[in-house]
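Structure first, then comments.
Here is the naming used below: chain letters follow the sequence lines, and residue numbers restart at 1 for every chain. Please read all numbers here as calculations on a predicted model, not as lab measurements.
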Number of protein chains: 2
Amino acid sequence: MDIIHTTGNTCINKLLDEEKDELFGSARNLYFKAGEGVVKKGASVHDLFLLKEGTVELILDEGREKQSLILLFAGEIIGVNCVYSTKYYRFSALALTDCEVLVLNYRVFSKLLTNNSGFSMSFIQYISMVNERFLNWHMNLTEKNSAGALAFLLCELEKSYGRSSFEIPLTRKDMARVIGFSRESVLKNLADFRKEGIVESEGRTIKILDADRLHDISTYG
Amino acid sequence: MDIIHTTGNTCINKLLDEEKDELFGSARNLYFKAGEGVVKKGASVHDLFLLKEGTVELILDEGREKQSLILLFAGEIIGVNCVYSTKYYRFSALALTDCEVLVLNYRVFSKLLTNNSGFSMSFIQYISMVNERFLNWHMNLTEKNSAGALAFLLCELEKSYGRSSFEIPLTRKDMARVIGFSRESVLKNLADFRKEGIVESEGRTIKILDADRLHDISTYG
DNA sequence: TAGAGAAGGTGTAAAATTACACCCTTACTT
DNA sequence: AAGTAAGGGTGTAATTTTACACCTTCTCTA
């Protein structure tokens with residue numbers, strides 16, 4: 001199955017220069033340290049948080065926080081689904097790395113959607129793609145066994161960072177939560193991957209040696 | 001957790017009378033028998049399928065067809081996420097009951113989105129809500145044990161039909177696929193529910209006796 | 001009306017995952 | 001420098017779910 005993977009939303013490019021000036025002129029930058037909360041579940045959506053740099057994890061921090069929703073990388077609007085539906089965040093976002101967020105003004109954004117039909121059509125495409133990505137992510141993780149889910153996560157990280165060797169922004173416990181399995185399952189599967197020469201891992205440094213094999217495990221696992 | 005449950009999309013009500021005439025004038029009705037395929041995964045999205053009557057199941061009919069995506073009831077546009085993203089269906093839709101579908105012309109619909117900003121904003125709200133519903137449905141099923149998942153399904157059906165007693169449009173095997181567990185798990189949990197006086201069930205006739213208890217099992221199961 | 005097939009149902013065995021217990025190492029704190 | 005907390009790691013037991021085997025009922029069809 002193809003993994004739909006937005007490389008960031010492009011709808012803002014549909015704006016005229018003067019509209020961009022208005023949107024960015026009313027925007028401000030926020031910086032978050034790794035581990036900080038970016039948005040809090042239940043809070044009202046006042047503005048749109050465009051993730052310019054870093055990785056965040058979306059979590060449903062309820063009683064049962066077995067599994068996180070998804071990881072978001074640079075280019076995504078955090079909680080874009082909630083902006084025009086519930087108007088409050090349905091989940092929390094946690095910075096996994098240091099993050100830079102551009103806060104776009106809700107009223108300006110909405111006005112531009114209303115006035116510029118090219119922009120609104122492009123935004124419809126964007127949220128449709130985000131929808132697909134969420135669903136795809138979740139289906140990929142929940143239909144798999146623990147090995148397949150871990151392989152999927154590693155493949156996604158490789159793709160997002162564009163390198164086969166990277167520092168994973170998650171502890172083993174975090175990885176378990178993201179893929180919806182136990183910490184022990186992550187450790188055991190990671191040990192298996194090492195034994196079979198599919199990955200090298202030492203602490204947070206992960207190097208994917210056999211991407212094809214990993215992808216197969218992700219697909220058929 | 002609140003279950004977001006669209007009672008059908010209302011964005012079409014934002015259209016002017018003449019726009020409605022144009023949209024419905026170019027539309028046609030299709031009728032499907034229970035068991036028939038409504039849309040096929042991989043097919044291009046030519047038009048929008050508005051489900052006027054009946055219940056359909058969305059399935060990712062790949063090799064691993066462990067779990068279906070969601071059930072859709074009257075009022076929903078089938079595959080609305082795909083219309084402006086992938087442009088082809090990412091899943092198949094199967095009629096569980098006899099269905100009536102209103103086929104809306106894609107070009108007319110898109111033109112109205114472009115020309116009527118109130119409609120497009122309302123459509124953005126609609127697809128955001130659909131997004132929420134998909135995610136909520138999936139999270140509810142995958143975070144639960146088999147009893148909780150079955151309880152969730154029964155609660156959703158009760159809510160959709162607006163009655164505590166109904167004919168379930170699914171065989172036990174179907175129910176298993178919808179909630180992502182095995183047929184035996186469904187049967188055993190259903191037997192437990194009967195023993196504990198939570199439901200009565202005889203074949204496809206289901207009567208919910210203790211909705212509160214069922215809801216608790218759904219929430220904490 | 002006999003037979004096949006689909007559906008509901010249940011017990012037991014097998015498989016997978018989680019939970020627990022415990023180890024080692026590192027890094028931070030006092 | 002010792003103590004403690006957090007993270008990585010691994011074996012074994014407990015739990016959950018699935019798989020298998022088998023039975024009954026109902027319906028459709030030859």
Going 5' to 3' along DNA chain C, which nucleotides are the first and last within contact of chain A (any atom under 4.0 Å from a heavy atom)? dT17(C) to dC20(C)

Salt bridge (Lys or Arg N to Asp or Glu O under 4.0 Å) with Glu57(A): which residues, sequence neighbours excluded? Arg177(A)

In whole Å, I'd like the distance from the CG atom of Leu187(B) to the C1' atom of dA19(D). 14 Å

Between Glu202(B) and Lys207(B), is there a salt bridge with N-O shorter than 4.0 Å? no

Test side-chain hydrogen bond (donor to acceptor under 3.5 Å, both in side chains) applied to Glu167(A) - qualifying residues, sequence neighbours left out: Thr205(A)

Strictly below 4.0 Å, heavy-atom distances to any atom of DNA chain C: list the hits from residues 188-199 of chain B, or just say none. Lys188(B), Ala191(B), Arg194(B)

Who passes side chain to side chain contact (heavy atoms under 4.5 Å, CB included) against Val186(B), sequence neighbours left out? Leu150(B), Arg172(B), Met175(B), Ala176(B), Ile179(B)

Once side-chain hydrogen bond (donor to acceptor under 3.5 Å, both in side chains) is applied, what residue pairs with a partner in residues 25-37 of chain A remain, sequence neighbours excluded? none

Does Arg194(A) come within less than 4.0 Å of Glu200(A), counting only side-chain N to carboxylate O? no

OP1 or OP2 of dT18(D) sitting under 4.0 Å from any side-chain N/O of Ser185(B)? yes

d(CG, Asn145(A); C1', dA19(D)) in whole Å: 16 Å

Contact list (N/O, under 3.5 angstrom) for nucleotides 5-7 of chain D vs protein:
none

Under the ring-ring contact (aromatic ring centres under 6.0 Å, His included) test, which residues partner Phe32(A), sequence neighbours left out? none

Lys87(A) meets the salt bridge (Lys or Arg N to Asp or Glu O under 4.0 Å) criterion, sequence neighbours left out, with none

Holding to ring-ring contact (aromatic ring centres under 6.0 Å, His included), I want the full list of residues that pass it with Phe134(A), two or more places apart in sequence or in another chain. none

On DNA chain C, compare the nucleotides closest to Glu184(A) and Ala147(A); which residue's is nearer the 5' end? Ala147(A)

Which residue pairs pass the salt bridge (charged side-chain N to carboxylate O under 4.0 Å, His left out) test with at least one member in residues 99-108 of chain A, sequence neighbours excluded? Lys52(A)-Glu100(A)

Please report the distance, rounded to the nearest Å, between CD1 in Ile206(A) and C1' in dG8(D). 12 Å

Does anything in residues 182-205 of chain A form a ring-ring contact (aromatic ring centres under 6.0 Å, His included)? List the pairs, not counting sequence neighbours. none

